[in-house]
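Nothing fancy with the numbering, it's 1 onward along the sequence. Predicted model only: the values in this text are computed from it and were never measured.
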Amino acid sequence: MLRFRLKELIAKREFTEGRVITLVEIAAATGIHRMTLSKLSNHRGYNPTADVLDRLCEYFGCRIEQLVEHLPNQKT
């Protein structure tokens, strides 16, 4: 499963800049729909396009590994 670290990147940027950053602001800056950002933040298993991931990496100035984490499936 892939885990998106969008909330963590937002929190880090908020701390660095000393202000609140909203999904609406990120949507306006990246051209990504706010609902897509919300799904990335809150829904397990959401499958964004490579373009969305590229835009977010550009916005946060990060590498893909900082935005997405692979969690191996746990067998029961």
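With salt bridges taken as basic N to acidic carboxylate O contacts below 4.0 Å, one links Arg3 and Glu8.
Not one N or O on the side chain of Glu14 forms a donor-acceptor pair closer than 3.5 Å with the backbone of Val20. Between the side chain of Asn42 and the backbone N or O of Ser38 there is at least one donor-acceptor pair closer than 3.5 Å.
Remark: Glu65 pairs with Arg63 by the side-chain contact (heavy atoms from CB on, under 4.5 Å) rule, at least two apart or across chains.
You'll find the side chain of Val68 stays beyond 4.5 Å of the side chain of Arg5, heavy atoms only.
The hydrophobic cluster containing Leu71, built from Ile/Leu/Val/Met/Phe/Trp/Tyr side-chain heavy atoms closer than 4.5 Å, also comprises Met1.
Interatomic distance, CD of Glu69 versus CD1 of Ile64, reported as 12.5 Å (0.5 Å rounding). Remark: Lys12 NZ to Phe60 CZ distance equals 10.5 Å, nearest 0.5 Å. Once rounded to the nearest 0.5 Å, the distance linking OG1 of Thr49 with CG of Asp54 reads 9.5 Å. In this structure, CG on Leu56 lies 8.5 Å from CD1 on Ile10, to the nearest 0.5 angstrom. In this structure, CG on Leu23 lies 5.0 Å from OG on Ser41, to the nearest 0.5 angstrom. For the atom pair Leu67 CG and Leu40 CG, the distance stands at 7.5 Å (nearest 0.5 Å).
Heavy atoms of other residues, nucleotides or ligands lying less than 6.0 angstrom from CD of Gln66 number more than 12.
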So Arg19 and Glu25, salt bridge (charged side-chain N to carboxylate O under 4.0 Å, His left out) or not? Walk me through it. CA-CA 12 Å; Arg19 64 186 187 90; Glu25 179 183 339; 2.7 Å; yes
Show me the side-chain donor-acceptor pairs of residues 26-34 shorter than 3.5 Å, one per line, residues at least two apart or across chains.
residue : atom : partner : partner atom : Å
Thr30   : OG1  : Ile26   : O            : 2.7
Thr30   : OG1  : Ile32   : N            : 3.2
His33   : ND1  : Met35   : N            : 3.0

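For the pair Tyr46 and Lys39, the tightest heavy-atom approach, listed with the atom from each and the gap, is CE1-CD, 3.5 Å.
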